[in-house]
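Notes to accompany the following structure.
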Amino acid sequence: MKTTSFKDLLLTLLGIVLIFLIWIITSSSISNNSMIFPNPFVTIKETFKLLEKSFTYRCVGQSLLRTFLGFLGSFIAALVLGIVSGLSESFKKVISPLFSVLKSIPTATIVFLFLVLVGAKNAPIIMVEVICLPIIYESVVRGFENIDIDVLNASKVDGSSLLRRIFRIYIPLMSPYIFAGVASSFSLSFKIEIMAEVISGTTVDGLGSIISACQKSDPTNMVPIFAYSLIGIIVIAVLSLVIYFLEKAVNKNIPVK
């Protein structure tokens, strides 16, 4: 087990080195690279400068807050709709076209739509909800479908109320699938939040907002944009790591059929 873990770590480090090599080669092949495509050393130096400023942490915090709000809304909606779909095949067929549309509609189109409907400040939050909802919903439905039919029948026979069965039986047994949906969508939701902030041009604090502001103030200098983007990548990596360990803990304690 230790050998496998060390090998995985080594391969991951090798992948990171490869990314930096490609980054260096690409940057070196472009004239005026410090302005258009800064090399990793310049970007990392700028990143450390930004990390010394409290404003950077405020932007990260605001983007994370809006991400959590949007993700929480999509999670609650997906959980409710997924459980109802699991209980009613007719309901699942009725809302199936809705989720097909949500998955296929271009992301940029949704951003511009919600800019008009809810304004630049709230559009990123709604964007996170809309993009993550189908992913988590499908995980909930898949989890319900994989509950042993004997367990479902036994839970109905013992006379328990529907709410009691949902919270004491259904949700715990669906947890591995729900967590899989959360793991695959939360990091995506943070990227969607940043993208929506950039497109919407909102002036509230946020990583996307400051990236947009840097581009508008000096379009020829990409260094701060790369540096803020690198900070976003670091945040996503940390979040993904936390979710990964939580998912492993859940899957270890709850057997999957």
Side-chain angles (χ1 to χ4, degrees), residues 66-118 122-193 195-196 199 240 243-244 246-247 250-251 253-257:
R66 287 190 287 272
T67 300
F68 276 113
L69 291 175
F71 189 82
L72 181 61
S74 65
F75 178 80
I76 294 173
L79 188 62
V80 172
L81 294 174
I83 291 175
V84 176
S85 295
L87 295 170
S88 172
E89 186 67 24
S90 299
F91 180 81
K92 183 168 68 172
K93 290 179 180 179
V94 168
I95 67 171
S96 177
L98 171 63
F99 285 102
S100 297
V101 170
L102 290 179
K103 288 189 294 184
S104 59
I105 190 171
T107 305
T109 302
I110 303 177
V111 174
F112 292 124
L113 173 63
F114 286 116
L115 275 175
V116 177
L117 295 177
V118 299
N122 296 316
I125 299 176
I126 305 299
M127 273 295 304
V128 171
E129 293 180 353
V130 171
I131 297 300
C132 294
L133 179 59
I135 301 174
I136 305 175
Y137 168 80
E138 290 181 352
S139 299
V140 175
V141 171
R142 188 164 58 251
F144 198 98
E145 291 173 345
N146 279 273
I147 297 176
D148 195 314
I149 188 65
D150 293 333
V151 174
L152 292 176
N153 292 333
S155 66
K156 296 176 183 177
V157 171
D158 69 5
S160 299
S161 66
L162 178 58
L163 284 178
R164 182 180 177 84
R165 294 200 302 270
I166 289 174
F167 288 102
R168 296 292 297 273
I169 299 174
Y170 300 163
I171 291 180
L173 291 177
M174 292 189 297
S175 293
Y177 296 92
I178 296 174
F179 234 104
V182 170
S184 62
S185 60
F186 189 80
S187 296
L188 172 65
S189 67
F190 188 65
K191 290 187 286 186
I192 292 295
E193 168 67 28
M195 182 206 69
I199 295 178
S240 299
I243 294 174
Y244 169 75
L246 288 175
E247 184 182 9
V250 170
N251 289 336
N253 294 324
I254 302 177
V256 180
K257 180 182 170 233

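All values below were derived from every heavy atom in this structure, side-chain atoms included, with hydrogens, water molecules and symmetry-related copies excluded.
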Point to revise | Set of salt bridge (charged side-chain N to carboxylate O under 4.0 Å, His left out) partners for Glu138, sequence neighbours left out | key: Lys103

**Study point:** Summary of ring pair (Phe, Tyr, Trp, His ring centres under 6.0 Å) pairs that have at least one residue in residues 68-99, sequence neighbours excluded
**Key:** Phe68-Phe186, Phe71-Phe186, Phe99-Tyr137

Practice item. Examine distances only and state if a side-chain atom of Ser175 and a backbone atom of Pro172 form a donor-acceptor pair shorter than 3.5 Å. Key: yes

Study note, to complete from the structure: Separation between CZ (Arg66) and CZ (Phe190), nearest 0.5 Å, reads 10.0 Å

Review point. So which heavy atom on Ser74 is nearest to which on Cys132, and how close?
Key: OG-CB, 3.6 Å

Study note, to complete from the structure: What one should report as the nearest heavy-atom pair of Met174 and Ile83 is CE-CG1, 3.9 Å

Point to revise | Nearest atoms (heavy-atom pairs only) where Ala78 meets Leu133 | key: N-CD1, 3.5 Å

Exercise for review: Please assess Val84 against Ile95 for the test side chain to side chain contact (heavy atoms under 4.5 Å, CB included), listing each intermediate value before the final yes or no.
Suggested key: CA-CA 11 Å; Val84 176; Ile95 67 171; over 6 Å; no

Review point. What is the distance from atom CD of Glu129 to atom CD1 of Ile136, rounded to the nearest 0.5 Å?
Key: 10.5 Å

Exercise for review: Enter the distance from Leu173:CG to Ile147:CD1 here, rounded to the nearest 0.5 Å.
Suggested key: 5.0 Å

Review point. Less than 4.0 Å between a side-chain N and a carboxylate O, is that true for Glu89 and Lys92?
Key: yes

Practice item. Could you walk me through whether Leu79 and Ile171 pass side chain to side chain contact (heavy atoms under 4.5 Å, CB included), step by step? Key: CA-CA 9 Å; Leu79 188 62; Ile171 291 180; 4.2 Å; yes

Practice item. List the atom of Val141, the atom of Ser85, and the distance in Å for their closest heavy-atom pair. Key: CG2-CB, 4.1 Å

Practice item. Please lay out, stage by stage, how Ser139 and Arg142 fare under the test side chain to side chain contact (heavy atoms under 4.5 Å, CB included). Key: CA-CA 5 Å; Ser139 299; Arg142 188 164 58 251; 3.6 Å; yes

